[in-house]
Amino acid sequence: MPLSNAKSWKPFLDEELEQPYMLALKEFLRLEKNEQKTIYPHSSNWFHALEATPLDEVKVVILGQDPYHQPHQAHGLCFSVQPDVGIPPSLRNMFKELQADLSIPYAVHGCLESWAKQGVLLLNSVLTVEYNKPNAHQGKGWETFTDKVIQTVAEQNEHVVFLLWGNYAQKKGAQINTQQHLVLKAPHPSPLSAHRGFLGCKHFSKTNTYLKQHNKTPIHWTLPKIAGPI
């Protein structure tokens, strides 16, 4: 589990990768592969969120739960799917809120790579999943590792916006210092809960207002018409 392509994170996370719980997680994943189980995303994308958004560039953190569990979807960024894949329901509701909040037209694809390149850390709590088995890798160690990622962002960076959608994300982000950072909470964008307050939360405009107040470049939320390479 090397972080060779996420150099800015290495000084803070390399030791974490050698902790007993991470070694146990590594062994679990090796055995799963030996049993010919299909794991998403591909191992080259397990740390893609960290590779796409260097630590010193993180301005916004969006927390997800675990990766999509169907073929060709997950590529290491929460809520994002690979180009040419149908847009999942939760992401569709995010686009709906973007339109209502900032008059941004619906995107024609669901690849959020352009957000990551602007400093939006798209972090799932669990970084792997088994095909067709949501939450299959929960409780195996990833949660502790991603807690460390969140802690690192909160300690090393100033005035970060944390978008915590749903109870799971809100519990995970409970220790974030709200005096140093902006924490915005809303129900999850899933069709099961979006109508309870995610739609209408205006988190995207609130994020940019806060960034501008702290002399940071706001996020250009409009996705490019054609998704870039992953």
Side-chain angles (χ1 to χ4, degrees), residues 40-42 45 48-49 52-53 59-136 138 146 161-170 172-173 183-209 218-230:
Y40 295 127
H42 186 275
N45 279 328
H48 185 51
T53 312
K59 297 186 286 190
V60 181
V61 178
I62 298 178
L63 286 182
Q65 196 159 341
D66 68 342
Y68 296 118
H69 54 83
Q70 295 299 314
H72 313 302
Q73 290 184 310
H75 62 106
L77 305 180
C78 74
F79 292 105
S80 180
V81 290
Q82 297 189 49
D84 303 321
V85 175
I87 299 171
S90 293
L91 183 55
R92 196 170 295 279
N93 279 332
M94 290 164 60
F95 292 163
K96 186 175 182 180
E97 176 58 21
L98 273 170
Q99 185 183 49
D101 187 11
L102 292 168
S103 300
I104 291 175
Y106 276 68
V108 296
H109 63 84
C111 181
L112 306 181
E113 200 80 25
S114 69
W115 293 4
K117 287 185 167 68
Q118 295 177 73
V120 181
L121 180 64
L122 296 162
L123 184 69
N124 274 316
S125 175
V126 177
L127 301 187
T128 57
V129 71
E130 184 181 344
Y131 163 65
N132 215 28
K133 291 188 178 179
N135 307 322
Q138 283 194 4
T146 51
V161 182
F162 290 85
L163 300 180
L164 308 182
W165 299 332
N167 291 333
Y168 188 93
Q170 288 162 24
K172 192 168 180 68
V183 176
L184 297 176
K185 300 178 182 180
H188 195 277
S190 159
L192 298 174
S193 55
H195 62 282
R196 297 186 198 137
F198 175 80
L199 297 175
C201 69
K202 298 188 181 297
H203 279 187
F204 298 104
S205 60
K206 289 176 181 177
T207 293
N208 279 351
T209 296
I219 305 301
H220 183 70
W221 296 108
T222 305
L223 298 182
K225 291 185 178 178
I226 300 176
I230 292 175

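Values below: all heavy atoms of this structure, side chains included; hydrogens, waters and symmetry mates excluded. Given the structure is predicted, the values throughout are model-derived calculations rather than measurements.
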Can you check whether [X] reaches [Y] side chain to side chain, under 4.5 Å on heavy atoms?
X	Y	answer
Pro71	Tyr40	yes
Phe198	Met94	yes
Ser80	His75	yes
Phe204	Ile104	no
Ile219	Val161	no
Asp101	Trp221	no

Problem - Within 6.0 Å of NZ in Lys96, more than 12 heavy atoms from elsewhere - result: no
Handout entry: Crowding at NE2, His72 (>12 non-hydrogen neighbours, <6.0 Å)
Key = no
For the pair [X] (side chain) and [Y] (backbone), establish whether a donor and an acceptor sit closer than 3.5 Å, ignoring hydrogens and angles.
X	Y	answer
Gln170	Ala186	yes
Glu97	Gly200	yes
Asp66	Val126	no
Asn45	Gly76	no
Trp165	Leu63	no

Handout entry: His188: partners by ring-ring contact (aromatic ring centres under 6.0 Å, His included), with sequence neighbours left out
Key =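 ring-ring contact (aromatic ring centres under 6.0 Å, His included) list for His188, sorted by chain: Phe79.
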Exercise for the section: Would you please name every residue forming a ring-ring contact (aromatic ring centres under 6.0 Å, His included) with Phe162, sequence neighbours left out? Expected result: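 Residues passing ring-ring contact (aromatic ring centres under 6.0 Å, His included) with Phe162: His181.
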Taking atom [atom1] of [X] and atom [atom2] of [Y], what is their separation to the nearest 0.5 Å?
X	Y	atom1	atom2	answer
His220	Lys117	NE2	NZ	14.5 Å
Leu164	Lys185	CG	NZ	7.0 Å
Ser190	Leu91	OG	CG	12.5 Å
Leu127	His48	CG	NE2	12.5 Å
Thr53	Glu113	OG1	CD	8.0 Å
Leu199	Gln99	CG	CD	11.5 Å

Problem - Derivation and outcome, side chain to side chain contact (heavy atoms under 4.5 Å, CB included), residues Trp115 and Val60 - result: CA-CA 9 Å; Trp115 293 4; Val60 181; over 6 Å; no
Looking only at heavy atoms, which two atoms of [X] and [Y] are closest? And how far apart?
X	Y	result
Leu77	Ala116	CD1-CB, 4.2 Å
Tyr106	Arg92	CE2-O, 4.2 Å
Leu123	Cys78	N-SG, 3.5 Å
Leu163	Ile62	CD1-CG1, 3.7 Å
Tyr68	Gln73	CB-OE1, 3.3 Å
Pro187	Arg196	CG-O, 3.6 Å

Exercise for the section: Return yes if a side-chain donor-acceptor contact under 3.5 Å exists between Gln70 and Asn132, otherwise no. Expected result: yes
Practice task
Just grab all the salt bridge (charged side-chain N to carboxylate O under 4.0 Å, His left out) pairs involving residues 124-136, residues at least two apart or on different chains.
Solution key: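 Matches after skipping sequence neighbours: Glu130-Lys133.
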